Amino acid sequence: MLRCTSGIGPAEHLGDMGIPVLQDTPVGENLQDHFGVFNNYLVPLHDSLLRVNRQPLYFIWEVLRYFLFGTGVLLAPVVQMAIFACTALLDKHGVPLEDKQPEINSVPDVEIMPLAYAQGLAQKDATRGGFSFLTVLLTPESKGSVRLRNIDPRAAPRIDFNYLSTLSDRMRMRHALRLVLRLARGLREQGYQLEPAEAPPLDAEVVGDDTLDRQITEQGCTTYHYTSTCALGSVVGNDLVVKGTRNLRVADASVFPEVPACHLQAPVVAVAEKCANMILSIH
Ligand SMILES: Cc1cc2nc3c(=O)[nH]c(=O)nc-3n(C[C@H](O)[C@H](O)[C@H](O)COP(=O)(O)OP(=O)(O)OC[C@H]3O[C@@H](n4cnc5c(N)ncnc54)[C@H](O)[C@@H]3O)c2cc1C
C-alpha cells in the first residue's frame, strides 16, 4: 500500500484517492489466498492438545518432560500430517473415481490437515477434547483486491478476498468437504469416539450442498497465505523491479503470479535469495 500512496498503482484508484499517478500498474489486484474450512469434532480428551489447557497437573508434567527429557506433547506441532487430493478424481460424494487416472503433472488442488485441536464448541466441553479437519483449496481461481482506504499510509487497507467466487472453486471445496466427511465417518466406523461439534453430519452421501455451504460460511477462514498483488509479469519484471521504475524491487509473496499450491515460506525464501543474488550481480 506504500506503493499506492507513493503514486504507483492502478491509475483509476489513485485518481479516486486524489493521488498523483507516477506509474499506472495493477498493484493490489489479483489477490489470492488459500481459503480453509474447519470441521470441528469432539474426541476423547487424552487424544487432544486441549488436554494441556484443561488439566494443570498434566501441563506441569509435560513442561517437566520437555525440559528434563526433551520429549512430550509440547514438541508436537499442531499440524502433524497433511492429506493432498485431486478433486477431479473424486465423485460428488468424495469417493475416488476408479476409472479416472491423474493427468501427468497434475497437482493436488486440496489439502486436508487433521489437527489434534479445535476451536469453538469443542472448547466448552470440559470432559472431552477437540479435533478438527482443516480443508484448504490450494489452487483457487477466485481473485480479490487490496485497496487504499484513504491516503494515510498507516491506515488499514480495504481488503476484499472474494473467496470461492467462481463455481469451480465452490464445487471443489464441496467435494473436498465430502471427502472429509468420509474420513471422519471412517474413524467412527472403526470405533473411534468422534462426534461432530461444528461439522455436518457424518453421512457424506446425504449431506446437501446447502449444508456444506453453511459450513463454508460459518467455519471458513484464511490460512494466511496471501499472494499475488504485485505479480511477476504485470507489476514487476523478471528482475523483480517494478515496471516503469529503476531500482524499486519487490521480493515477497506478492510477486507470485498465482498462489503456489503449497505452504509459502519456502517459496518466499527462494524469491528473496534470488533477489539478493540479482542485486549482488549488479553491484
Ligand atoms: C500465523 C501464520 C502461520 C503460518 N504458517 C506457515 C507455515 O507453517 N508454513 C509456511 O510455509 N508458511 C506459513 N505461513 C505463511 C508464511 O509465513 C508467509 O507466506 C510468508 O511469511 C510471507 O512472506 P512475506 O515476505 O511476503 O511477508 P512477511 O513474512 O509478512 O514479511 C513482511 C515483513 O515486512 C515488515 N514490514 C511491514 N511493514 C513494514 C514497513 N512499513 N516498514 C518496514 N517493514 C515492514 C514486517 O514486519 C515483516 O517482517 C504462515 C503465516 C502466518 C501469518
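Quantities reported herein were computed from a predicted structural model and do not represent experimental measurements. Atoms within a ligand are numbered from 1 in the order they appear, just like the ligands themselves.
Taking 4.0 Å as the cut-off between side-chain N and carboxylate O, Arg188 and Glu195 do not count as a salt-bridged pair. Under the 4.0 Å criterion applied to side-chain N and carboxylate O atoms, Arg170 and Glu141 are not assigned as salt-bridge partners. Using a 4.0 Å cut-off between charged side-chain N and carboxylate O, Glu218 and Arg214 make no salt bridge.
Hydrophobic clustering, defined by side-chain heavy atoms of Ile, Leu, Val, Met, Phe, Trp and Tyr closer than 4.5 Å, groups Met171 together with Leu167.
Among residues at least two apart or in separate chains, side chain to side chain donor-acceptor pair (under 3.5 Å) pairs with a member in residues 64-76 are Glu62-Arg65. Counting only residues at least two apart or in different chains, side chain to side chain donor-acceptor pair (under 3.5 Å) contacts with residues 262-283 comprise Glu111-His263.
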Give one line per pair: atom of ligand 1, protein atom, distance. Only N/O to N/O under 3.5 Å.
residue, atom, partner, partner atom, Å
ligand 1, 11 (O), Leu264, N, 3.2
ligand 1, 11 (O), Gln265, N, 2.8
ligand 1, 26 (O), Ala253, N, 2.9

